[in-house]
There are 2 protein chains.
Amino acid sequence: MGDDMSYEELDQRKMRILKAIVDDYIQSMEPVGSRTIAKKYEVGLSSATIRNEMADLEEMGYLSQPYSSAGRVPSDKGYRIYVDRLIEIDESKFSEYNRLLNYYEQEINELGQIVKVLTKLISNITQYTSFSMKYKTKNSIVKACQVVPIEKGRAMVVVLLGNDLVRNKILNIDYSKELDTLVKLSNILDRKLAGCRAEGISVIIVNEIVRESGMDRHLILPIVDAIIDCLQQAEEVELYTEGASNLLMHPEFFDVNRAKTVLEVVHDTDTVVQLLKKSAETGGLMVRIGQENDFDEISDCSIVTATFRTNDVELGTIGVLGPTRMDYQKVISSLEYIRKKLNQEIPRRLEGS
Amino acid sequence: MGDDMSYEELDQRKMRILKAIVDDYIQSMEPVGSRTIAKKYEVGLSSATIRNEMADLEEMGYLSQPYSSAGRVPSDKGYRIYVDRLIEIDESKFSEYNRLLNYYEQEINELGQIVKVLTKLISNITQYTSFSMKYKTKNSIVKACQVVPIEKGRAMVVVLLGNDLVRNKILNIDYSKELDTLVKLSNILDRKLAGCRAEGISVIIVNEIVRESGMDRHLILPIVDAIIDCLQQAEEVELYTEGASNLLMHPEFFDVNRAKTVLEVVHDTDTVVQLLKKSAETGGLMVRIGQENDFDEISDCSIVTATFRTNDVELGTIGVLGPTRMDYQKVISSLEYIRKKLNQEIPRRLEGS
DNA sequence: GTTAGCACTCACCAACAATGAGTGCTAATC
DNA sequence: GATTAGCACTCATTGTTGGTGAGTGCTAAC
């Protein structure tokens, strides 16, 4: 989006005025006029001067006018520069957020739980809709695996993943003649595959397993496939939404059709996942304003997302969706809070039993 | 609700008029006047007569008037008698529903999947919000179970439930001295417990297991506990919601506050589960109209639910939520369709691999 | 018991004027 | 040359007012 140079066309004064306009509009949701800026904000200028600057800003595309002789409203481009250059993260509320969080958090041991609680928290703080998407486990390793007989002609492969999640898969397999070797095979598999990622299960390892177990290759292969399946199945995501109805409180959604269109997107799992996955591409905090979003249905909304990860592994994303006229300062700050919180919680949660 | 006798106060003619009024109001959502009834519906009566009857019906509590000199609107009591006595299930659309269903249904093997599809179907048919709640498995039996070693000091109990769902639980247990007996124990457990329900695991059976395995009682007990846990864990429900935003299309929710209040309930998992569970109490089809609902927030909504089950076991519930002025004919008929469909699908789905 | 007729109620709508916030432009001021 | 005061103009919003029509309840005639 846009070359950074284009910001340079705005001098200090225009910047200050733009910030005042966006601040005011975010707060009042009414087109803001020159007089308001002159009076409420400490720019030492008369309304006439501000009027001129506003005309300039409109010409440059940072503002627009709903109708002639109304006040000005920020455009997407206006919000963009506001987000990129005119706000900073406000940590002053963090201690309050901590208090709120303590109130929720009773006994939470699992990462998924804390993510849910944080999603709820941020939805309450911001009064917008929030989402969290968590990979069930990305890039998981085999911690242990076993093949278990179930009934005639069927066995179950059980894989214990790196984070103690268990996956299993049932196979039709004829082991009747070699029931005792199944136990032996389990041990071999367990020994050979422990610590492996899905991509780490090479043909060489499979060959070793075949040799050491003395079992037939065509019996081993479906089992190994099942194990790989279990690892990959873990790539699935878990989606959690909070405060969908919050959107209805904001004047931009008083129009039922608009509200319906947006709520349909909010309820559409696939779309939301797609939106959140987009965030991971950049990493860190990401803001998508109005038309920058890939879906027309929410071209009057903005999305702010934060991806959380361990050193190298992407674990998931938390995001907030609200009208383009959202309180970016608050949303970005609180999402930064969430991000910090997660970075500090993740190591703790992941180790625990 | 209410003694059946109370219906008797309504003669044939009042019934016909009431039905006409409710039908018309459901369709038009406008208070319906005597003239409308006289003209559009084939009661051979003048508007004046109908006016008198309407005054009676209002006095008896079946109708009410939004303001003096407006038409009449059905009250909860009016809807109740309408539902109980004046509509019948309309099977004529069933073949159309079948067509729609074929369109969705691609390759669905699991009961949970077909329930989801049916939930989506009914939400599309009715244009209201629909829910399904499925017990992960209620009253499940052990089909097979195994104890699997994982790593030093830890083992995993794996239980295959009656419907091929797998549950597992990790235990800290010291089996190091008796690793070979673990395999033996697995076999004994499997043999002894196959077919058992949670309540069916008696002390006698446990004693037998202890005796036959020759293992220590304090080693066996936590394992059995884990198996029972797995069975009971299966009592959890899975909730699925479809078409929440459909509600916004109906005039009664054009008011944002009303919409918000109702949507909050729709999004509140616990409340919805509670609502759906209520349905099972009666079994079959159940209609709760307006104030009959336990939650004030939806006292201007109605809920129609259908519970599906095998012979004796309750499997879950599908429900529809809409404004009190909902198209009961359509909702009840299509829900009946769903119920039939499930009754015919359930045996198939449950057996299949 | 049923219906025609009539006076009355009340939400809804269209037309109209008044209001006021905000603009753009021009001319005076620093 | 930049800033500001002043002024005419625009246009959404609000309030008023009177008319319209769907509907009622009641009474008297059938």
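Note that these values count all heavy atoms, side chains included, but never hydrogens, waters or copies made by symmetry. All values derive from a computational prediction rather than experimental measurement. Here is how names work: the chains are called A, B, and so on, in the same order as the sequence lines, proteins then strands, and each is numbered from 1.
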> Give a yes/no answer on whether the side chain of B/Ser46 brings an N or O atom under 4.0 Å of OP1 or OP2 in C/dT3.
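For C/dT3, OP1/OP2 do have a side-chain N/O of B/Ser46 under 4.0 Å.
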
> So do the side chains of B/Val265 and B/Leu263 get within less than 4.5 Å of each other, counting heavy atoms only?
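In short, these two side chains do not touch, never coming nearer than 4.5 Å.
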
> To the nearest Å, how far apart are A/Glu53 CD and D/dT4 P?
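Atom CD in A/Glu53 sits about 11 Å away from atom P in D/dT4.
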
> Please determine if a side-chain N or O atom of B/Arg35 lies less than 4.0 Å away from the OP1 or OP2 oxygen of C/dA4.
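So the side-chain polar atoms of B/Arg35 never come under 4.0 Å of the phosphate oxygens OP1 or OP2 of C/dA4.
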
> Can you name the atoms? Protein N/O to nucleotides 10-13 of chain D N/O, anything below 3.5 Å, with the distance.
| residue | atom | partner | partner atom | Å |
| --- | --- | --- | --- | --- |
| D/dT10 | O3' | A/Ser68 | OG | 3.3 |
| D/dT10 | O2 | A/Ser69 | OG | 2.6 |
| D/dC11 | OP1 | A/Ser68 | OG | 3.4 |

> Answer yes if the side chains of B/Asp24 and B/Tyr41 hold a donor-acceptor pair under 3.5 Å, and no otherwise.
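Yes, side-chain donor-acceptor contact under 3.5 Å.
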
> With distance as the sole criterion, is a donor-acceptor pair present between the side chains of A/Asp23 and A/Tyr82 under 3.5 Å?
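A pair is found: one side chain offers a donor N or O, the other an acceptor, under 3.5 Å apart.
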
> Any idea which of C/dT2, C/dA4, D/dT4 is nearest the B/Thr49 side chain?
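The answer is C/dT2, which lies nearest to the side chain.
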
> Please classify the nucleic acid contact of A/Ser47 as base, sugar-phosphate, or nothing, using heavy-atom distances under 4.0 Å.
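Result for A/Ser47 = nothing.
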
> When the distance from CD1 of A/Ile21 to C1' of C/dT23 is rounded to whole Å, what number comes out?
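These atoms are roughly 13 Å apart.
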
> Do any side-chain nitrogens or oxygens of B/Ser34 fall under 4.0 Å of OP1 or OP2 in D/dT24?
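Looking at the OP1 and OP2 atoms of D/dT24, one of them is under 4.0 Å from a side-chain N or O of B/Ser34.
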
> Under a 3.5 Å threshold, yes or no: a donor from one side chain and an acceptor from the other, between A/Gln65 and A/Tyr67?
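No donor-acceptor contact under 3.5 Å links the two side chains.
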
> If we count only N and O atoms by modelled type, under 3.5 Å, do the side chains of B/Ser34 and B/Ser47 hold a donor and an acceptor together?
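Absent: no donor and acceptor within the cut-off.
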
> A/Met54 CE to C/dA21 P: how many Å, rounded?
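One finds 15 Å between P of C/dA21 and CE of A/Met54, rounded.
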
> Reckon B/Arg13 has a side-chain N or O less than 4.0 Å from the OP1 or OP2 of C/dT2?
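Result: yes.
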
> Expressed as a whole number of angstroms, how long is the span from A/Arg51:CZ to D/dG6:P?
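Those two atoms, CZ and P, are 12 Å apart.
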
> In whole Å, what is the span from the CD1 atom of B/Ile50 to the P atom of C/dT2?
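In whole Å, C/dT2 P and B/Ile50 CD1 are 11 Å from each other.
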
> Which one, D/dA5, D/dG25, C/dT23, comes nearest to the side chain of A/Ala48?
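My answer, after comparing the listed nucleotides, is D/dA5.
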
> Side-chain contact test, heavy atoms from C-beta onward, threshold under 4.5 Å: evaluate it for B/Val320 versus B/Thr129 and give yes or no.
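With C-beta onward as the side chain, the pair stays apart.
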
> What is the separation between atom CG on B/Asn52 and atom C1' on C/dT3, rounded to the nearest whole Å?
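Rounding to the nearest Å, CG of B/Asn52 and C1' of C/dT3 are 10 Å apart.
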
> Can we call the ring centroids of A/Tyr79 and A/Tyr328 under 6.0 Å apart?
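Centroid separation for A/Tyr79 and A/Tyr328: below 6.0 Å.
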
> Atom CG of B/Leu63 to atom P of D/dG25: distance rounded to whole Å?
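One finds 11 Å between P of D/dG25 and CG of B/Leu63, rounded.
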
> Evaluate the criterion side chain to side chain contact (heavy atoms under 4.5 Å, CB included) for residue pair B/Lys19 and B/Arg85; output intermediate values, then yes/no.
CA-CA 10 Å; B/Lys19 175 160 162 55; B/Arg85 303 277 293 277; over 6 Å; no

> Rounded to the nearest Å, what distance is computed from the CD atom of residue B/Glu58 to the P atom of nucleotide D/dG23?
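About 15 Å, once rounded to whole Å.
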
> Hey, does the side-chain of A/Arg72 have a donor or acceptor N/O within less than 3.5 Å of a partner on the base of C/dG24?
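No.
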
> Taking only heavy atoms on the protein side, list every residue of residues 22-33 of chain B lying under 4.0 Å from any atom of DNA chain C, sorted numerically.
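Those residues whose heavy atoms fall under 4.0 Å from DNA chain C, taken from residues 22-33 of chain B, amount to none.
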
> Thinking salt bridges, do A/Arg339 and A/Glu336 make one under a 4.0 Å N-O criterion?
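Yes, A/Arg339 and A/Glu336 are salt-bridged.
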
> Say whether B/Tyr25 and B/Gln27, considering side chains only, have a donor N or O and an acceptor N or O under 3.5 Å apart.
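Distance-only check fails for B/Tyr25 and B/Gln27.
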
